[in-house]
Amino acid sequence: MATKIGIDAGGTLTKIAFWDETNELQLLSFLSSNFKAVKDWLDSKSSLSSICLTGGRAEQLKKFLLSQNDIPYIVEFDATMAGVMYQLKHDGIRCEKAIIANIGTGTSIHIMEADSHSRLGGTGIGGGTLIGLGSALTGTKSYEEMIEVSKKGSRSSIDILVSDIYESNKLPINGSLTASNFGGVALKSIENRTKADYLAGIQGIIGEVVASLCIQSADAHGVNDIIYIGSTLENNSLLKEIIESYTILKQKNPIFLDKHGYSGAIGALLESK
Ligand SMILES: Nc1ncnc2c1ncn2[C@@H]1O[C@H](COP(=O)(O)OP(=O)(O)OP(=O)(O)O)[C@@H](O)[C@H]1O
Ligand SMILES: [Mg+2]
């Protein structure tokens, strides 16, 4: 029997989902700048594999693979939704209507209702911002190192909170909310900011921008659940905490799926014939 494989070739990472011999779901990822590694992996699998592609770089990967057969393709958003629905069912999470934020290189925001979905918008603030701004400010290049170091950081000298501005005045809104991400770097006279502090501040920008947009979308559409996915959440407990606490503060229900970045690849796998 041919091995079924779903591939999501994204802006930064190419994710692969496939069923192994025991019918267990297997997941792996490669940098999208290294299609050769993807090709080598595929070549190491049975030549009888049946592939379905998705993602913004699907066409580029298809050309690189120089496949004799035309490889089936599924639109990225359809694949992502199918992968999200599969995981909700598999994990026993009841959720009929939700806002979905895919925090990839950039962030795309959708609404899912019953079996249908539509795109509401997005923002260029995403995982690419974390590694781009992170390397510009700290010189650190590795994603893993950035998220590990960021956990040791403090945002107190980086950001300005509402309570920093209002001090003894009566607060019009919750004082613990961020009034200005990174504003503290200009306005607070503290000399010893560490790389960890800067990285924590960048995680703050991403988490709060994405969560704010999702909360506003949820309010506009009368939705309670917000599902956050994308590889930017991979091993990234700090970003999760920022998103989770802000979403809960705004009385919405944050949902994180275990296989964060793999929804598109799983959706493509489900389409693979
Ligand atoms: N090993 C890694 N190397 C680089 N970035 C990583 C890695 N693991 C996680 N990331 C994070 O995940 C982000 C990419 O997420 P994801 O794979 O969901 O996006 P993508 O599908 O490549 O992009 P898009 O959907 O926007 O085309 C990176 O920007 C980075 O923040
Ligand atoms: Mg993607």
Side-chain angles (χ1 to χ4, degrees), residues 6-17 27-35 37-38 41 52-62 64 73-84 87 100-110 117 119-151 198-210 213-214 227-240 242-243 256-269 271:
I7 305 180
D8 173 8
T12 308
L13 298 174
T14 293
K15 282 78 62 183
I16 296 185
L27 305 167
L28 70 160
S29 74
F30 299 92
L31 286 172
S32 294
S33 55
N34 189 5
F35 280 162
V38 179
W41 182 86
C52 180
L53 284 175
T54 191
R57 291 197 195 276
E59 195 55 39
Q60 293 163 42
L61 177 61
K62 197 162 134 183
F64 187 91
Y73 167 81
I74 169 173
V75 174
E76 180 178 354
F77 303 141
D78 293 342
T80 306
M81 290 310 125
V84 166
Q87 289 174 82
I100 299 175
N102 188 2
I103 318 173
T105 310
T107 301
S108 198
I109 298 173
H110 300 251
H117 67 87
R119 186 170 190 274
L120 298 175
T123 168
I125 300 288
T129 314
L130 172 58
I131 52 179
L133 209 48
S135 81
L137 287 183
T138 68
T140 308
K141 294 267 180 286
S142 134
Y143 168 80
E144 282 82 12
E145 194 183 329
M146 274 184 210
I147 56 166
E148 274 318 303
V149 172
S150 73
K151 288 178 200 162
Y198 284 117
L199 289 167
I202 298 167
Q203 297 254 42
I205 295 184
I206 298 163
E208 290 175 4
V209 167
V210 170
L213 285 173
C214 291
I227 303 173
Y228 295 99
I229 58 168
S231 308
T232 314
L233 292 161
E234 201 67 49
N235 297 321
N236 196 346
S237 56
L238 177 59
L239 183 62
K240 257 185 173 171
I242 294 166
I243 290 176
F256 297 95
L257 301 175
D258 289 345
K259 301 176 176 59
H260 311 293
Y262 288 93
S263 298
I266 293 171
L269 171 64
E271 277 294 306

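Start at 1 and go down the list; that is how both ligands and their atoms are numbered. One is the number of the first residue; the rest follow in order along the sequence.
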Using distance alone, determine whether [X] and ligand 1 share an N or O pair under 3.5 Å.
| X | value |
| --- | --- |
| Thr105 | yes |
| Leu130 | no |
| Thr12 | yes |
| Ile131 | no |
| Ser231 | yes |

Quiz item: Under 6.0 Å between ring centres, would you say that holds for Phe77 and His117?
Solution: no

What is the nearest protein non-hydrogen atom to [atom], stated with its residue, atom name and distance?
| atom | answer |
| --- | --- |
| atom 13 (C) of ligand 1 | Thr232 OG1, 3.5 Å |
| atom 29 (O) of ligand 1 | Gly127 C, 2.9 Å |
| atom 27 (O) of ligand 1 | Gly11 N, 2.8 Å |

Quiz item: Is the side chain of Ser135 donor-acceptor paired with the backbone N or O of Gly132 at a distance under 3.5 Å, no angle test?
Solution: yes

Exercise. Output yes when a side-chain donor or acceptor of Ser142 lies under 3.5 Å from a complementary backbone atom of Glu145, and no otherwise.
Key: yes

Quiz item: Which atoms of ligand 1 are found less than 4.0 Å from any heavy atom of Gly230?
Solution: 18 (O)

4.5 Å side-chain heavy-atom contact, [X] and [Y]:
| X | Y | value |
| --- | --- | --- |
| Leu133 | Tyr198 | no |
| Leu61 | Ile7 | yes |
| Leu257 | Val84 | yes |

Exercise. Check the pair Arg119, Ser108 against side-chain hydrogen bond (donor to acceptor under 3.5 Å, both in side chains), reporting the backbone distance first and the verdict last.
Key: CA-CA 8 Å; Arg119 186 170 190 274; Ser108 198; 2.9 Å; yes

Quiz item: Does the ring of Phe256 carry Lys240 above it, NZ/CZ under 6.0 angstrom from centre and within 45° of its axis?
Solution: yes

Quiz item: Is Gly128 near ligand 1, meaning one of its heavy atoms is under 4.0 Å from it?
Solution: yes

Quiz item: Does ligand 1 have an atom that lies less than 4.0 angstrom from a heavy atom of Gly55?
Solution: no

Self-check item: Heavy-atom nearest option to atom 4 (C) of ligand 1, drawn from Tyr262, Tyr143, Phe30
Solution: Tyr143

Quiz item: Can you tell which of Glu144, Lys15, Lys141, Glu76 gets a heavy atom nearest to atom 21 (O) of ligand 1?
Solution: Lys15

Quiz item: Do Glu76 and Thr54 have side-chain N/O donor and acceptor atoms under 3.5 Å apart?
Solution: no

